[in-house]
2 protein chains.
Amino acid sequence: MTKMDRMKGAAALPLNTILAGDCVAEMAALPAGSVDLIFADPPYNLQLKGDLRRPDNSRVDAVDDAWDRFEGFSSYDSFTRAWLREARRLLKPDGAIWVIGSYHNIFRVGAALQDEGYWILNDVVWRKSNPMPNFRGKRLTNAHETLIWASRSEGARYTFNYEALKALNEGIQMRSDWVLPICTGGERLKDAAGEKAHPTQKPISLLHRVLVGCTKPGDVVLDPFFGTGTTGAVAKMLGRDWIGIEREESYRTVAETRIAQVRKFDKAALEVTRPKRAEPRVPFGQLVERGMLRPGETLVSATGKSARVRADGTLVGLDVTGSIHQVGAALEGAPSCNGWTYWHFVRDGVTVPIDVLRQQIRAEMQGSG
Amino acid sequence: MTKMDRMKGAAALPLNTILAGDCVAEMAALPAGSVDLIFADPPYNLQLKGDLRRPDNSRVDAVDDAWDRFEGFSSYDSFTRAWLREARRLLKPDGAIWVIGSYHNIFRVGAALQDEGYWILNDVVWRKSNPMPNFRGKRLTNAHETLIWASRSEGARYTFNYEALKALNEGIQMRSDWVLPICTGGERLKDAAGEKAHPTQKPISLLHRVLVGCTKPGDVVLDPFFGTGTTGAVAKMLGRDWIGIEREESYRTVAETRIAQVRKFDKAALEVTRPKRAEPRVPFGQLVERGMLRPGETLVSATGKSARVRADGTLVGLDVTGSIHQVGAALEGAPSCNGWTYWHFVRDGVTVPIDVLRQQIRAEMQGSG
DNA sequence: TCCGCTGCTGAATCTGATA
DNA sequence: TTATCAGATTCAGCAGCGG
């Protein structure tokens, strides 16, 4: 594909609309390499037989819709591989996919993902804080669903906002198990008759975490099983573009009304904690040029090693000369070393990491734009 | 099979011993329909490439054993289907199987189980209370493993001690997610050199829950990937018969010594299974994800300071960005600050501490362990 | 004996910008 | 495309030691 083709394709993308039809056919009509993230909540192939009743004999409203009926595993597999293949064609090279499912279908989906060339990054457990109990006492309470996060291929440079998710989790890195309530109450959409509009509406909180963690503002998010449009609603809130595909007219109607009512968060609120790597690079030599460190001055490490600063911003250790990183690594016998945190200078008897000086320079750069 | 055959087969069973050899060949030599429960911890096919270092530069001791190396998915699939087929032949008609794995292999195992005619009853998530973190900040902490529980076939009358598991869970129906620590400390078996005897020893608490829930005293439990014999040790404690199969002599030696030391119904060993209950930690970000607070919304303090909420659960104050605690401390010039009581939101003209929202979330989590 | 501090470790598919 | 090198990155639990 030429750059021109891709630009043409991108221009043709039906952003922020719901396409009516079968997801494989609709995806086939979209341009390759045009989507940043796909979130998919495919039919679970539940294979329910008769009714299920609660201990008080009331009937459980199960998923018995036509779209969840398949002939058998082989038919479900063909369906799965067909939509996963089209989805992969649509993804940009560094794009990624999330798929949610239960034990009825997730193993087949996961194996198909691997067979189609996707590269699994994590499986994530959505642990429901308020699941439906097991009424018969014949099994464990089915209290979770599984999500799979995969990049388009091995080695792809997928988007992962590590610091943002860490911030969401109060400073501790986000784990693969997420405790979130199921979608109930005011969030649960109702149809005209007051019945739930969709049997398996996903909670906003789930999509919020996925989109904050794995997309950037302005990214294109595709949901091939749009349902009542949680993906679109959250994408809009977060300032991402979205495309939905949905066969059932009744779901599309509910989704359109819903998304129209969503307000985008304001720009400042969408800013997210950024990684250090995104900050401007400051060469160590600048600390010397600016006179923050004197040539000839001795730097020390917490492990008791020392080295002397030279005018060109290199260090001289016992036997070694080189960058702050190289000398640190050599003195420790380590394969690598972050010299910024390893080396310290001494002022008025106090030992200070040289990284503090780098932060001063960065702060100045901020102020001067 | 006649009743006579089955009795002959049962009589020939090598109970409470470890068979040396490849599990497919060893299972093929055992009589059909003779086993009540199988617990299997097959190789995960991790496909690790280079080595991994912690931020302090120490090297992670990875699973690089020969038994975890496969040519590719197709080779792993053949292996999986071969042992699952033999395992199914050995099961009594009402027998069941548990298999444990990670995202590297569990999807292939689950699909194979279904294809071979097993009937999945639950997938169970082992949520590790103390997993290894993600050192490079490139993915989510891999904090769980998945177990699949399946009966030999659809409609089988498998053993499930509903009341026993409910009692283990302090009177509440057992859920499909189990919080248990990984195997460390005194429980972790060491070799003569003081190194861990097996790279992936499973905790007693995990097997305890499986065997209490899915076997009866006197049942025969088979583990085709016996390793250092946690399955055998727990079976002996609980008065079940066991059969192990293990290729590696070093593992068999450790397992034999270990199981010889186990006393039936060792009370102290059973203590391990009681989960510790602490007040669950609720990250501030969850209030945002759940829509209790809106990104862009302003929080205020009793001292007249204010800050705005961002989508990743951080706050922006006058000059500071960070957690609710960090921003509160900075604005007050204090070394620390409890953001939960310091910050308030405004609804209908009323100022409410954000801690009220945390209490709401905790109330939802109550009773769901 | 208790407390705090340091150090070590666990089934892990673990970098990215620039030349 | 490949080589080079700067430099970013961790949580819970247990053992051992010193005061």
Side-chain angles (χ1 to χ4, degrees), chain A residues 94 114 118-123 149-151 154-155 157-158 160 162-163 166 169 171-176 275-285 302 313 322-329 334-343 354-355 358, chain B residues 41-65 67-70 73 100-106 126 128-146 181-188 190 194-196 198-203 225 227 276 278 281:
Chain A
D94 291 335
Q114 293 175 314
Y118 291 93
W119 188 248
I120 297 182
L121 299 168
N122 274 118
D123 59 337
W149 174 34
S151 59
E154 185 179 356
R157 294 189 309 193
Y158 53 92
F160 181 51
Y162 174 77
E163 287 78 10
K166 188 170 170 179
N169 197 32
I172 294 165
Q173 78 178 194
M174 186 69 79
R175 300 169 37 120
S176 58
K276 272 205 196 139
R277 211 182 273 282
E279 294 182 45
R281 200 178 88 85
V282 175
F284 174 73
S323 71
I324 51 173
H325 315 294
Q326 289 166 339
V327 174
S336 69
C337 168
N338 183 346
W340 290 106
T341 50
Y342 180 78
W343 292 111
I354 59 173
D355 202 30
R358 180 169 66 162
Chain B
D41 181 11
Y44 285 11
N45 188 23
L46 287 188
Q47 311 163 65
L48 302 175
K49 304 235 158 56
D51 63 352
L52 176 66
R53 286 175 181 273
R54 300 186 178 80
D56 67 3
N57 244 327
S58 63
R59 207 176 133 274
V60 173
D61 184 17
V63 178
D64 54 358
D65 307 74
W67 49 254
D68 195 42
R69 285 198 283 271
F70 294 84
F73 285 132
I100 183 167
S102 68
Y103 66 85
H104 310 84
N105 72 324
I106 198 67
W126 168 25
K128 302 179 183 180
S129 53
N130 50 348
M132 182 159 62
N134 184 289
F135 297 118
R136 304 307 290 264
K138 292 285 124 187
R139 302 188 178 188
L140 302 164
T141 307
N142 204 349
H144 73 276
E145 293 189 23
T146 302
I182 61 176
C183 182
T184 58
E187 190 187 325
R188 190 76 191 232
K190 305 285 195 291
E195 301 293 310
K196 58 188 175 193
H198 191 284
T200 70
Q201 186 182 339
K202 293 295 172 290
F225 306 95
K276 287 171 247 168
R281 197 177 63 86

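Throughout, protein chains are lettered first and strands after them, A, B, ... in sequence-line order, and every chain is numbered starting at 1. Owing to the predicted nature of the structure, the values given are computational and were not obtained by experimental measurement. Hydrogens, waters and symmetry mates play no part in the numbers below; they use all other heavy atoms, side chains included.
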What contact category does [X] fall into here, base, sugar-phosphate, or nothing, at under 4.0 angstrom with non-hydrogen atoms?
X	value
A:Arg358	sugar-phosphate
A:Lys276	sugar-phosphate
B:Thr200	base
B:Glu145	base
A:Asp123	nothing
B:Lys202	base
A:Ile172	sugar-phosphate
A:Glu163	sugar-phosphate
B:Pro42	base
B:Asp51	base
B:Gly50	base
A:Pro275	nothing
A:Thr341	nothing

Sequence neighbours excluded, the answer for salt bridge (charged side-chain N to carboxylate O under 4.0 Å, His left out) partners of A:Asp355 is A:Arg358
With sequence neighbours excluded, what pairs up with A:Asp123 under the salt bridge (charged side-chain N to carboxylate O under 4.0 Å, His left out) test?
none
How many Å lie between [atom1] on [X] and [atom2] on [N], as a whole number?
X	N	atom1	atom2	answer
B:Leu46	C:dG10	CG	C1'	13 Å
A:Asn169	D:dA12	CG	C1'	14 Å
B:Gln201	C:dA11	CD	C1'	13 Å
B:Lys196	D:dA15	NZ	P	16 Å
B:Asn142	D:dA12	CG	C1'	16 Å

On a whole-Å scale, what distance lies between the [atom1] atoms belonging to [N] and [M]?
N	M	atom1	value
D:dG18	C:dT1	C1'	14 Å
C:dA19	D:dG7	P	14 Å
C:dG16	D:dT1	C1'	16 Å
D:dT10	C:dT9	C1'	12 Å

Looking at [X], I'd like to know whether one of its side-chain N or O atoms comes within less than 4.0 Å of OP1 or OP2 on [N].
X	N	value
B:Lys128	C:dG10	no
B:Arg136	D:dT10	no
A:Asn338	D:dA8	yes
B:Arg53	C:dT9	no
A:Tyr162	D:dT10	yes

Check side chain to side chain contact (heavy atoms under 4.5 Å, CB included) between [X] and all other residues, then give those that pass, not counting sequence neighbours.
X	value
B:Lys196	B:Asp61, B:Arg188
A:His325	A:Ser323, A:Asn338, A:Trp340
B:Ser129	B:Val179, B:Pro181
B:Pro203	B:Trp126, B:Cys183, B:Glu187, B:Ser205, B:Leu206

Reading DNA chain D 5' to 3', what string of ( ), [ ], | and . shows its pairs, if Watson-Crick and G-U wobble pairs count only when both distances fall under 3.5 Å?
.|||||....|||||||||
Without hydrogens or angle criteria, can the side chains of A:Arg175 and A:Asn122 be said to hold a donor-acceptor pair below 3.5 Å?
no
From the set [options], return the single nucleotide nearest to any side-chain atom of [X].
X	options	value
B:Asp68	C:dA12, D:dT10, C:dA11	C:dA11
B:Phe135	C:dA12, D:dA8, C:dC14	C:dC14
B:Leu52	C:dA11, C:dC14, C:dG10	C:dC14
B:Asp41	D:dA12, C:dC14, C:dA11	C:dA11
B:Ile182	C:dA11, C:dC14, C:dA12	C:dA11
B:Asn130	D:dG13, C:dA12, D:dT9	D:dG13

For nucleotides 1-5 of chain D, print each protein N/O atom paired with a nucleotide N/O atom at under 3.5 Å, atom names and distance only.
none

Non-neighbouring partners of A:Tyr158 that pass ring-ring contact (aromatic ring centres under 6.0 Å, His included), sequence neighbours left out
A:Trp149
Can you list the residues that meet the ring-ring contact (aromatic ring centres under 6.0 Å, His included) rule with B:His104, with sequence neighbours excluded?
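Once residues adjacent in sequence are excluded, B:His104 has no partner under the ring-ring contact (aromatic ring centres under 6.0 Å, His included) criterion.
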Is it true that a side-chain atom of B:Thr146 and a backbone atom of B:Ser102 form a donor plus acceptor pair closer than 3.5 Å?
no
Please produce a list of atom pairs where a protein N or O lies less than 3.5 Å from an N or O of nucleotides 3-8 of chain C.
none

Closest-nucleotide 5' rank along DNA chain D - winner of B:Gly186 and B:Thr141
B:Thr141
What are the two closest non-hydrogen atoms of B:Ile100 and B:Asp41, and how far apart are they?
CG2-OD1, 3.3 Å
Minimum heavy-atom distance B:Trp67-B:Pro199, with the two atoms named:
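Shortest heavy-atom contact: CZ2-CG, 3.7 Å.
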base_contact_polar (C:dG10 base, B:Arg54 side chain, donor-acceptor, <3.5 Å):
yes
Dump every N/O contact between nucleotides 16-19 of chain C and the protein below 3.5 Å, one line per pair.
from, atom 1, to, atom 2, distance (Å)
C:dG16, OP1, B:Lys138, NZ, 2.8

